[in-house]
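To start, the structure under review is shown below, and the notes come after it.
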Amino acid sequence: MNAGGTKDIILLIDDEKHLLISLRDFLASEGFDVRVAQSAEEGLEVVKSITPDLIILDISMPGIGGLGFLKQIAGPDGRPRHPVLVLTARSKLEEFFSKVDVDGFLAKPCEEAVLLRRIREILAARRAAARGSGPVKVMLAEDDPSAATAIRAALESAGWPVVHVNSGPEVLETAPV
């Protein structure tokens, strides 16, 4: 859910119909409002009528493809006007996309938990940027290793980056002033 209490809108753009259906159903079950497009061109039509909180974009598609889509949604500064997570089977493109102004890159196939964590990280970072603050992190002060592991896993699966410390003095040393 976003700050307004409504569901975050995710636009999935991929030419693999079975992937669109399974991802749409999975993300909807996680509380997202999911829209789908089977081509970059169809995705461009969708963004004319909605403002997605995140676009999950395949790169290798017929037509203008994912790179063409990115060019079409770029603002005057060359950056995409919407947050974009590239999800593609072309894993060798990760280095290329580290230099392109997208919010994230994942290679297909990926585990649902990994995808969900990355989506939540991107949404949290975008909200923090919109508020004018830096990235939001959670400081976990817990000296019990098993409890710390469980709590950290739960927070990270919800999209929160976690800094773990073991004691009160470490909190004082680590916390921003």
Side-chain angles (χ1 to χ4, degrees), residues 1-132 135-136 156-161:
M1 294 258 175
N2 58 34
T6 59
K7 291 181 178 184
D8 288 305
I9 299 172
I10 295 179
L11 171 58
L12 298 173
I13 305 174
D14 200 305
D15 60 330
E16 295 179 44
K17 189 170 184 168
H18 69 281
L19 180 70
L20 278 180
I21 293 168
S22 61
L23 274 180
R24 179 198 62 203
D25 293 348
F26 167 69
L27 293 172
S29 75
E30 292 293 328
F32 296 102
D33 179 356
V34 184
R35 313 295 172 89
V36 297
Q38 287 188 264
S39 69
E41 292 84 357
E42 188 179 333
L44 290 171
E45 289 302 313
V46 173
V47 296
K48 289 178 182 176
S49 62
I50 65 165
T51 302
D53 295 294
L54 178 64
I55 297 169
I56 300 177
L57 177 66
D58 184 25
I59 293 302
S60 301
M61 295 182 285
I64 65 169
L67 290 175
F69 177 85
L70 286 172
K71 287 178 186 173
Q72 293 288 320
I73 66 164
D77 61 357
R79 300 181 62 186
R81 291 187 304 267
H82 309 285
V84 176
L85 171 61
V86 172
L87 180 65
T88 184
R90 299 182 69 187
S91 61
K92 295 186 191 283
L93 290 177
E94 184 169 9
E95 185 177 333
F96 171 79
F97 278 101
S98 70
K99 296 175 183 109
V100 175
D101 204 358
V102 295
D103 295 83
F105 177 93
L106 287 174
K108 292 185 220 174
C110 71
E111 295 179 26
E112 289 177 338
V114 172
L115 175 62
L116 191 58
R117 180 172 54 246
R118 193 66 189 112
I119 289 169
R120 289 184 173 149
E121 288 170 356
I122 292 168
L123 292 173
R126 283 292 181 138
R127 285 192 190 98
R131 287 192 309 266
V136 176
E156 287 178 343
S157 73
W160 296 97

Partners meeting salt bridge (Lys or Arg N to Asp or Glu O under 4.0 Å) with Glu112 (sequence neighbours left out):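 Salt bridge (Lys or Arg N to Asp or Glu O under 4.0 Å) check on Glu112 returns nothing, list empty.
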- prompt: Within a strict 4.5 Å, meaning less than it, do heavy atoms of the Leu44 and Ile73 side chains meet?
  reply: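 Yes. Closest side-chain heavy atoms under 4.5 Å.
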query: Just wondering, do Ile119 and Glu30 contact through their side chains at under 4.5 Å, heavy atoms?
result: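 No, their side chains stay 4.5 Å or more apart.
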query: Do any N or O atoms from the side chain of Asp33 and from the backbone of Asp8 form a donor-acceptor pair under 3.5 angstrom?
result: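 No.
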message: Donor-acceptor pair, distance only, cut-off 3.5 Å: does the side chain of Asp58 make one with the backbone of Ile13?
response: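 Looks like no, no N/O pair under 3.5 Å.
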message: Using 0.5 Å steps for rounding, measure from the CG atom of Leu19 to the CD1 atom of Ile56.
response: 9.5 Å
message: Rounded to the nearest 0.5 Å, what separates atom CZ in Arg118 from atom CG in Asp103?
response: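 Between atom CZ of Arg118 and atom CG of Asp103 there are 7.5 Å.
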Identified side chain to side chain contact (heavy atoms under 4.5 Å, CB included) counterpart of Arg35 within the set Leu11, Ile55, Ile10: Leu11
- prompt: Out of Val34, Asp14, Leu12, which one pairs with Leu23 under the side chain to side chain contact (heavy atoms under 4.5 Å, CB included) rule?
  reply: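 Among Val34, Asp14, Leu12, the one that satisfies the side chain to side chain contact (heavy atoms under 4.5 Å, CB included) with Leu23 is Leu12.
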For [X] against [Y], the heavy-atom pair lying closest together:
| X | Y | value |
| --- | --- | --- |
| Leu20 | Ala37 | CD1-O, 3.7 Å |
| Leu87 | Cys110 | CD1-SG, 4.0 Å |
| Arg120 | Phe32 | NE-CZ, 4.4 Å |
| Pro62 | Asp15 | CD-OD2, 3.3 Å |
| Gly104 | Leu85 | C-CD1, 3.4 Å |
| Gly65 | Ala40 | O-CB, 3.2 Å |

task: Show your reasoning for whether side chain to side chain contact (heavy atoms under 4.5 Å, CB included) applies to Leu57 and Val102.
output: CA-CA 10 Å; Leu57 177 66; Val102 295; over 6 Å; no
message: Does anything in residues 70-83 form a side-chain hydrogen bond (donor to acceptor under 3.5 Å, both in side chains)? List the pairs, not counting sequence neighbours.
response: Arg79-Asp101
